[in-house]
Amino acid sequence: MNSLNKLRQKYAGKDAFIIHDESYRQVAETFFPDAKAQATWAFDHLATFLDLPFRAPEQWLGADVGILGVPMDLGVTHRAGARFGPKAVRAAERIGPYDHVLNLAPAQLLCAADLGDVVFNNRFDLTQTHLDIQNTISRLKASGILPLSVGGDHSMTLPILRALGAERPVGVIHFDAHCDTAGLFYGNQHHGSPFRQAVLDGVIDPCRTVQIGIRGPDEYFWEFSRDSGMTVIHAEAVFERGAQSIIQQVKTIVGTGPVYISVDIDSLDPTFAPGTGTPEVNGLLPRELFGMLRGLAGVNMVGGDIVEVAPQYDPTSNTANLGAQILFTLLCLATLRNNNDR
């Protein structure tokens with residue numbers, strides 16, 4: 001009874017912002033410096049990711065990490081709609097500001113901003129949109145800003161890698177149902193081909209590239225992954241070996257060099273993420289994907305993306321919420337990156 005009385009004295013009738021744990025209180029005070037004066041609802045203001053400040057291009061200098069929307073799906077081969085992904089991810093609620101597993105609030109530790117969307121000069125021309133993406137990422141790189149991009153179809157990752165790997169090929173940690181190392185379709189790049197072309201362009205190192213969660217009926221398209229030296233880890237291997245075993249293998253392969261992390265939402269089983277253009281059954285569970293992502297803390301990350309969220313195929317909004325949580329976890333990894341080898 002004495003312990004109950006102590007709890008009543010300490011907590012009964014107290015405001016939610018009276019927090020006794022020092023580390024928790026610091027997080028709360030960072031994001032709610034004047035809780036009564038600045039309290040808002042998740043739905044009563046313009047949406048930026050994680051309510052980060054918006055920065056127009058002329059204000060980019062000084063940011064450590066930039067969230068960049070890429071509302072483009074000209075490269076899809078099946079269902080369109082990923083152009084709506086950035087808006088849906090920004091509107092997702094209950095994301096951040098604190099990750100209890102990694103024990104950090106990333107926006108408290110670095111200068112992060114929502115940079116809006118890539119400005120496209122011609123929305124009907126895939127080649128031109130890729131050039132616009134590459135030029136935008138090159139500007140961010142020159143400004144010292146680590147880009148975290150939200151798409152958009154997976155073809156967008158090719159111009160991003162062309163910008164980030166221009167001086168030195170980067171390693172890639174790639175979560176997906178598909179290897180995306182097919183050849184051209186009717187002479188065109190598409191969302192199933194970015195990583196083949198990135199190797200051929202010399203902007204990624206295939207021997208430091210790992211593809212995780214692969215499955216489905218398109219295996220015959222992915223011989224380039226094997227021939228180029230990429231490591232392909234099928235979904236079944238994740239089920240059998242567990243996240244910790246996969247993390248150890250991935251970290252050994254990518255080493256201390258620069259690495260890009262790309263997450264296709266269809267790496268997850270469509271039971272959890274149906275809102276995507278090419279869903280494949282028997283995919284990763286969210287707990288497996290997030291276990292592996294969080295296990296990458298400390299890699300020399302130079303950028304990342306979450307792609308292929310097509311929210312109109314998911315009336316529950318679960319896919320967009322998962323996409324937003326993935327983006328938040330990438331922001332955590334950007335905070336924890338070890339960039340000694342540059």
Side-chain angles (χ1 to χ4, degrees), residues 73-79 82 126-127 130 151-162 164-165 168-241 245-255 257-270 276-284 288-289 292 304-305 307-308:
D73 58 10
L74 295 177
V76 299
T77 57
H78 189 38
R79 302 190 301 190
L126 179 61
T127 300
H130 280 188
D153 76 60
H154 218 158
S155 72
M156 68 180 240
T157 304
L158 174 58
I160 293 173
L161 291 169
R162 283 171 169 164
L164 296 179
R168 175 185 181 182
V170 301
V172 175
I173 303 171
H174 170 208
F175 296 91
D176 205 321
H178 316 97
C179 286
D180 292 351
T181 50
L184 304 177
F185 284 169
Y186 307 104
N188 297 300
Q189 295 292 337
H190 52 91
H191 68 166
S193 64
F195 297 103
R196 176 192 288 210
Q197 192 59 49
V199 171
L200 298 177
D201 286 351
V203 295
I204 69 173
D205 180 354
C207 295
R208 296 184 54 244
T209 295
V210 189
Q211 302 182 299
I212 307 164
I214 309 304
R215 61 192 188 278
D218 296 331
E219 187 77 17
Y220 53 88
F221 279 127
W222 313 139
E223 63 181 353
F224 182 88
S225 293
R226 180 186 65 251
D227 286 352
S228 66
M230 295 180 179
T231 299
V232 178
I233 301 175
H234 289 87
E236 292 79 8
V238 178
F239 308 152
E240 294 167 4
R241 293 171 49 191
S245 172
I246 303 297
I247 291 166
Q248 292 174 8
Q249 181 182 5
V250 170
K251 284 188 166 182
T252 298
I253 292 168
V254 301
V259 65
Y260 186 85
I261 302 175
S262 184
V263 184
D264 189 322
I265 198 69
D266 70 26
S267 60
L268 292 169
D269 191 274
T276 190
T278 50
E280 300 287 1
V281 300
N282 199 35
L284 303 178
E288 293 167 334
L289 176 60
M292 288 184 284
D305 63 43
V307 300
E308 299 285 352

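Residues forming a side chain to side chain donor-acceptor pair (under 3.5 Å) with Thr181 (at least two apart in sequence, or on another chain): Ser225. Partners of His191 according to the ring-ring contact (aromatic ring centres under 6.0 Å, His included) rule, which considers only residues two or more places apart in sequence or in another chain, do not exist here. Under the rule for a side chain to side chain donor-acceptor pair (under 3.5 Å), Glu236 has no partner lying at least two apart in sequence or in another chain. Partners of His190 under the ring-ring contact (aromatic ring centres under 6.0 Å, His included) rule, at least two apart in sequence or in another chain, are Phe185. With sequence neighbours excluded, the residues forming a side chain to side chain donor-acceptor pair (under 3.5 Å) with Ser155 are His130, Asp153, listed by chain and number. Applying the side-chain contact (heavy atoms from CB on, under 4.5 Å) rule to Ile247 yields the partners Gln244, Lys251, Met292; only residues at least two apart in sequence or on another chain are considered. Arg226 is linked by a side chain to side chain donor-acceptor pair (under 3.5 Å) to nothing, counting only residues two or more places apart in sequence or in another chain.
The heavy-atom pair separating His78 from Gly277 by the smallest distance is CD2-O, 2.9 Å. When every heavy atom of Pro169 is checked against every heavy atom of Gly202, the shortest pair comes out as CG-O, 3.4 Å. Taking all atoms of both residues into account, the shortest heavy-atom contact from Gly257 to Arg168 is CA-NH2, 4.1 Å. In this structure, Ile246 and Ala237 approach most closely via the heavy-atom pair CD1-O, 4.4 Å. The nearest pair of heavy atoms linking Phe239 to Asn282 is CZ-O, 3.4 Å. Considering every non-hydrogen atom in both Cys207 and Ser228, the closest pair reads SG-O, 4.4 Å.
Screening residues 200-219 for salt bridge (charged side-chain N to carboxylate O under 4.0 Å, His left out), with sequence neighbours left out, gives Arg162-Asp201. Residue pairs that meet the salt bridge (charged side-chain N to carboxylate O under 4.0 Å, His left out) test with at least one member in residues 178-197, sequence neighbours left out, do not exist here.
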**Message:** Trp222 vs Asp227, test: side chain to side chain contact (heavy atoms under 4.5 Å, CB included). Steps then yes/no.
**Reply:** CA-CA 9 Å; Trp222 313 139; Asp227 286 352; over 6 Å; no
**Request:** Please step through side chain to side chain contact (heavy atoms under 4.5 Å, CB included) for the pair Leu164 and Val203, ending with a clear verdict.
**Result:** CA-CA 8 Å; Leu164 296 179; Val203 295; over 6 Å; no
**Message:** Would Ile212 and Ser267 count as a side chain to side chain contact (heavy atoms under 4.5 Å, CB included) here? Give the steps.
**Reply:** CA-CA 8 Å; Ile212 307 164; Ser267 60; over 6 Å; no
**Message:** Run the side chain to side chain contact (heavy atoms under 4.5 Å, CB included) test on Val172 and Val259 for me, step by step, so that the C-alpha distance in whole Å, both residues' side-chain angles and the decisive distance to 0.1 Å come before the verdict.
**Reply:** CA-CA 5 Å; Val172 175; Val259 65; 5.7 Å; no
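Side-chain contact between Val210 and Phe175: absent, with no pair of heavy atoms (C-beta onward) separated by less than 4.5 Å. A 4.5 Å side-chain heavy-atom check between Asp269 and Leu284 finds every atom pair outside the cut-off. At a threshold of 4.5 Å between non-hydrogen side-chain atoms, the residues Asp305 and Ser262 count as touching. Val307 has its side chain within reach of Met156: a pair of non-hydrogen atoms, C-beta onward, lies under 4.5 Å apart. In this structure, the side chains of Asp176 and Asp266 come closer than 4.5 Å at one or more pairs of heavy atoms. No side-chain heavy atom of Phe195 sits under 4.5 Å from any side-chain heavy atom of Thr209. Between Val199 and Met230, some side-chain heavy-atom pair lies under the 4.5 Å cut-off. Contact check for His178 versus Ile214: no side-chain heavy atoms found under the 4.5 Å cut-off.
Judged purely by distance below 3.5 Å, without hydrogens or angles, the side chains of His174 and Gln211 pair a donor atom with an acceptor atom. Between the side chains of Gln197 and Ser193, no donor N or O sits under 3.5 Å from an acceptor N or O.
The line from CG of Asp264 to OG1 of Thr278 is 6.0 Å long, rounded to the nearest 0.5 Å. Taking CD1 of Ile233 as the reference point, atom CD of Gln249 lies at 4.0 Å (rounded to 0.5 Å).
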